[in-house]
Amino acid sequence: MRNIIIDCDPGHDDIIAILVALAHKDELNILGFTTVAGNQTLDKVTNNLLKVETYLGIDIPVYKGYNSPIVKELDVQPLAHGESGLDGPVLPEAINSAKDMHAIEFMKKTLLEAKDKVTFVCIGPLTNMGLFLKTYPELREKIDQIVIMGGGIYNGNVLIKAEFNIYHDPEAAKIVFDSGVKVVMAGLEVCYSGSILLTETERAKDGGKASKLFYDLMKFYQGYAIRNGWDRTAIFDATPVIYLLYPELFKSEEKEVYIETVGEYCRGMTVVDTRNRATEMKNPKTVLISTDREKFVEVIFDALNKLDAQY
Ligand code: BDR
Ligand code: CA
């Protein structure tokens with residue numbers, strides 16, 4: 001059993017990642033959620049998560065983190081996630097509120113009390129994680145690994161070379177990548193390799209509660225792919241969760257990765273050293289390269305079926 005904290009900005013794919021984690025209670029023990037501004041404002045993404053908890057009838061503690069990046073202005077993503085940050089499904093008003101403790105104080109308390117090391121699953125901008133490591137560097141040794149959806153080996157999405165989560169707070173990302181803690185990077189390439197075909201979404205159409213949520217999320221989220229003429233879409237944030245559950249589905253390589261924090265075109269880029277040289281790496285990251293698309297998609301549908309039987 002692995003103890004995890006999910007740091008997120010829900011976000012359609014954030015919620016799908018959370019559904020996959022919830023379906024694997026024997027493997028992943030979610031100690032809490034921390035939220036961060038990204039896809040939408042901090043209040044909106046936190047409320048989205050609390051509404052989903054109410055819809056599913058679950059009560060995992062939620063802690064709000066930072067409401068803007070360290071240096072940059074907040075730059076939300078209505079094109080991909082809508083004005084609410086979770087457009088599409090009709091959800092009940094949230095019964096619970098976020099806890100009265102800042103996200104990084106929750107991280108601190110959890111690590112101080114933990115007998116075993118804790119894994120962080122970071123699927124939003126890295127503001128919380130970066131400022132946590134900056135504020136409490138002595139707690140690094142209590143972290144097993146930080147598995148991140150962010151960056152790309154070759155390409156970006158919001159910018160030519162920058163992926164949204166890293167672009168949104170490059171200074172925070174730099175702190176995390178330079179921290180010396182084990183980092184696993186699920187960048188754009190591995191996420192695209194696990195893309196779901198738009199037609200596959202229909203499998204969830206007549207399912208139970210979790211499937212219905214997934215279906216309604218996807219019907220909005222796929223709009224972005226449809227507008228671009230694609231026949232599939234990546235469910236980016238599910239990748240780190242599925243990696244933790246089924247690492248055998250992934251190809252990965254150890255690579256040095258640097259975060260570009262300056263630059264006219266490349267600010268927010270993850271600069272991956274893809275050169276093939278026999279020099280010793282100082283601080284390599286595990287960079288996920290690709291996955292088995294069909295098995296990846298099957299993990300998602302299996303998770304939905306399990307949750308449908310439960311909720
Ligand atoms: C990342 O950006 C967000 O829009 C998604 O939730 C995901 O975390 C993909 O670039
Ligand atoms: Ca996200």
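Order of listing sets the numbers, starting from 1, for every ligand and every atom in it. Hydrogens, waters and symmetry mates play no part in the numbers below; they use all other heavy atoms, side chains included.
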If you have a sec, work out which protein heavy atom is nearest [atom] and how many Å separate them, to one decimal?
| atom | answer |
| --- | --- |
| atom 2 (O) of ligand 1 | Phe164 CD2, 3.3 Å |
| atom 3 (C) of ligand 1 | Asn39 OD1, 3.1 Å |
| atom 1 (C) of ligand 1 | Glu163 OE2, 3.3 Å |
| atom 8 (O) of ligand 1 | Asp237 OD1, 2.6 Å |

Among Asp9, Ile166, Asp13, which residue places a heavy atom closest to atom 6 (O) of ligand 1?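 That would be Asp13.
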Check whether the ring centres of [X] and [Y] lie less than 6.0 Å apart, and answer yes or no.
| X | Y | value |
| --- | --- | --- |
| Tyr66 | His102 | yes |
| Phe214 | Phe301 | yes |
| Phe236 | Tyr192 | yes |

Enumerated ligand 1 atoms positioned under 4.0 Å from heavy atoms of Asn165: 1 (C), 2 (O), 7 (C), 8 (O)
Using a strict 4.0 Å cut-off to heavy atoms of Asn157, name the atoms of ligand 1 that fall inside it. 9 (C), 10 (O)
3.0 Å cut-off met by an N, O or S atom of Asp13 to the Ca ion (ligand 2): no
Metal proximity, Ile123 vs the Ca ion (ligand 2), N/O/S cut-off 3.0 Å: yes
Do other residues, nucleotides or ligands put more than 12 heavy atoms under 6.0 Å from Lys117 NZ?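 It does: Lys117 NZ has more than 12 such atoms within range.
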Chi angles and distances behind the side chain to side chain contact (heavy atoms under 4.5 Å, CB included) call for Thr270, Tyr154: CA-CA 9 Å; Thr270 45; Tyr154 301 106; over 6 Å; no
N/O of Met149 under 3.5 Å from N/O of ligand 1, yes or no? no
Any heavy-atom pair between the side chains of Arg293 and Leu197 that's under 4.5 Å? yes
With a 4.5 Å heavy-atom cut-off, do Phe106 and Ile5 have their side chains touching?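 They are in contact (side-chain heavy atoms under 4.5 Å apart), so the answer is yes.
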From Leu31 atom CG to Tyr63 atom OH, the distance as rounded to the nearest 0.5 Å: 9.5 Å
Name of the Asp237 N, O or S atom nearest the Ca ion (ligand 2)? OD2
Angle at the Ca ion (ligand 2) between OD1 of Asp9 and OD2 of Asp14, to 10°?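 Between OD1 of Asp9 and OD2 of Asp14, at the Ca ion (ligand 2), the angle is about 70°.
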Measuring from non-hydrogen atoms of His12 to any atom of ligand 1, is the shortest distance under 4.0 Å? no
With heavy atoms and a 4.0 Å threshold, my read on which part of Asp14 contacts ligand 1 is side chain
Strictly below 4.0 Å, N to O, side chains only: are Asp302 and Lys306 in salt-bridge contact? no
